[in-house]
Amino acid sequence: MAYKLSEGSLEIIMNGGLYDKPVMQVLGSKKIQGSGSNDRFRLLVSDGKHSHSFAMLATQLNELLISGELSDYSVVQINKFVTSVLKNTGKGEKRVMIVLDVSIIAPGTEVGKKLGNPQNWSEDSVTTSAPAPTPMRPTPQAAPSLGNSLGNSFGNSLAKPAAGPNLDSSMLGSQMTHPIASLSPYQNKWVIKARVMNKSDIRTWSNARGEGKLFSMDLCDESGEIRATAFKNECDKFYDMIQVDKVYYISRCQLKTANKQFTTLKNDYEMSFTPDTVVAECMEDASALPTVKYDFVPISDIANKNSDSILDVIGVCKFASDVQELTAKTTGKLLKKREATLVDQSGGAITLTLWGNEAEKFDASSNPIVSAKGARVAEFNGSKSLSCLASTMLRCNPNVPEAHRLRGWYDNGGAGMDTVNISARSGGQSGGSGEWLTFSEVEARRLGAGEKGDYFTLVGVLTFMFADNAVYKACPQDQCNKKLVDQENGLYRCEKCNREYPNYKYRLLLGANVSDPTGDQRITAFNEAAEAILGQPAADVGRMSEYDKSAYTQLFEEVKFRTYVFNFRTKMETYSDEAKLKTTVMSAKPVDYRDANAKLVKSITALSGIQV
DNA sequence: CCCCCCCC
């Protein structure tokens, strides 16, 4: 049988032209050292007229060679390929062809010999041979280096949109962009057309090697996904431009091996923007480019998921807390978070914690549909909630069928449906998201029954205070707050430090009763919380108790029957066979009536389904 | 060149 090779196709391709599905013969292959398991293979290919050893097999096709399916003398049709120019090869520029998809027309064993008499094609042929023959389809003939000319074109169009007779983005079809899966450090001239799946906040760093700022983004196309990071100048240059869900042409980034420890994206490489990087938004229809794929878990099912598992969720945001600031224990970093309560048709409600910029920007006032791909299940005090990671793809009112279904459900009665808050069953900041509970709800939910105790917020009135023992003389050591024993000789003994001191500090330990319309509770307020309740520093309260008893009594009279927004921690403890809730004041704040009224209105709306 | 993903 005679095999017909696409004579002359190599010359076209190696001149940067396009040739549709050339048929070639493989004359040899050679393994070149890749990093780790990423071996790559170089092929010697022939079109019958020329042979060329600068063809490389895309790594995803390695198996063809390893299995022997592709071997010497095989005749193949190259369905998909890209070329790129390598610099610094020692012999000037070298163009390589990367084979992305092949069909084997005849196995090497069947062909058994070299077809024709191909001459070794060299880079010199470019200048000695005639210009490339007419390609198979309209092609950028003025573009001996595809990536380069596209890059220039972007540069021009960014500077002056109407410029450039050569190429504009409307001419950029899929033929001319490179699949993300084909990118590697071996190729430096390429253009990808990619959708932004996720974009990070700007982060700064400071370490022994210096300091700076960066942001990163996750890109995808039909072939795969890759992370790109923009540092310093590039961070400033591109942060505002890059928008989630939009599609961009991107060229001239630096590729490097991805550290798998820090990414879940399916790519062996990641890229960094460089001063030469060009980004141009794709203005034509890019609906063919994949969007984020979801695998939503019904909210009520999340209660059965393991902690730390990663999942996708979508729900109506029924409620969101204010932004709270906190300090990370391990890093000392100042963090901002907001807790959004999501509900869906499963009848479940769950808290989703947003961080940083996403927390600040979030607006729950219109009860948006919120979706999160890759949120992490967290467990606190035995209850499940979700937390966003840097890799989580968060969307408000995403254009997906589930979102439209939820909107319809919520606006037609779903808002009034009873939900089971799986983030509040037996722990956590109960009621989630800054919701206020009553004592009867605390009882109904059996808060405090768990191992670690439960936190909740409640508006209550101080109905009684144990004023007599509210202040004591404490060990003056910084970390030691032990009550001192008066030695009656001007010295005070600390049993914990096993030392005597001539001095002491006053600390507060206030026992009290708090009531709300549904019940009451014996509570304890330690130093800072008690100072907040009394509105006086412990030192002043101590002086009053010792030197101005009437002022001391007056202080407690004034505070009695005041209303506070309390944050409590409660835990069941057993004293001499009797189980009792031990409830501690974590914080006590005066009521902000504006905020309180807003909460009541929200609650009325949620319960009645009627917009107030 | 980062690599943190936090808290009650």
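Every chain is numbered from 1, with letters handed out A, B, ... down the list of sequences.
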Given atom [atom1] of [X] and atom [atom2] of [N], what is their separation to the nearest angstrom?
X	N	atom1	atom2	value
A:Asn198	B:dC2	CG	P	20 Å
A:Tyr269	B:dC2	OH	C1'	20 Å
A:Phe273	B:dC2	CZ	C1'	15 Å
A:Asp218	B:dC2	CG	P	18 Å
A:Asp308	B:dC6	CG	C1'	13 Å
A:Leu458	B:dC8	CG	P	21 Å
A:Arg376	B:dC4	CZ	P	13 Å
A:Leu326	B:dC5	CG	C1'	12 Å

Can you check whether [X] has a side-chain N or O nearer than 4.0 Å to OP1 or OP2 of [N]?
X	N	result
A:Lys329	B:dC8	yes
A:Arg209	B:dC2	yes
A:Asn567	B:dC8	no

Applying a 4.0 Å non-hydrogen cut-off, can you work out what [X] is touching in the nucleic acid: base, sugar-phosphate, or nothing?
X	value
A:Glu234	nothing
A:Arg203	base
A:Thr331	nothing

Qualifying ring pair (Phe, Tyr, Trp, His ring centres under 6.0 Å) pairs with a residue from residues 192-214 of chain A, counting only residues at least two apart or across chains:
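Found A:Trp205-A:Phe231.
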
Identify which nucleotide among B:dC6, B:dC8, B:dC2 has an atom closest to any side-chain atom of A:Leu335, counting heavy atoms from C-beta outward.
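Out of B:dC6, B:dC8, B:dC2, the nucleotide with an atom closest to A:Leu335's side chain is B:dC6.
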
Among B:dC3, B:dC8, B:dC5, which nucleotide sits nearest the side chain of A:Phe380?
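Ranking B:dC3, B:dC8, B:dC5 by closest atom to the A:Phe380 side chain puts B:dC8 first.
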
Quick check, does A:Tyr455 stack with B:dC8? I mean ring centres under 5.5 Å and planes off by under 30°.
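A stacking contact does not exist, since A:Tyr455 is not both close and nearly parallel to the base ring of B:dC8.
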
Has A:Phe231 got its ring stacked on the base of B:dC2, with centres under 5.5 Å and planes less than 30° apart?
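Not stacked: fails the 5.5 Å / 30° test.
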
Of A:Thr327 and A:Lys333, whose nearest nucleotide on DNA chain B comes first from the 5' end?
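The residue whose closest nucleotide sits nearer the 5' end is A:Lys333.
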
Does [X] pair with [Y] as a salt bridge, N-O distance under 4.0 Å?
X	Y	answer
A:Asp295	A:Lys373	no
A:Arg395	A:Asp245	yes
A:Asp236	A:Lys213	yes

Kindly say whether, by distance alone, the side chain of A:Glu339 makes a donor-acceptor pair under 3.5 Å with the base of B:dC8?
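A donor-acceptor contact between them is absent.
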
Over-ring placement of A:Lys599 relative to A:Phe319, 6.0 Å and 45° cut-offs:
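No, A:Lys599 and A:Phe319 do not form such a contact.
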
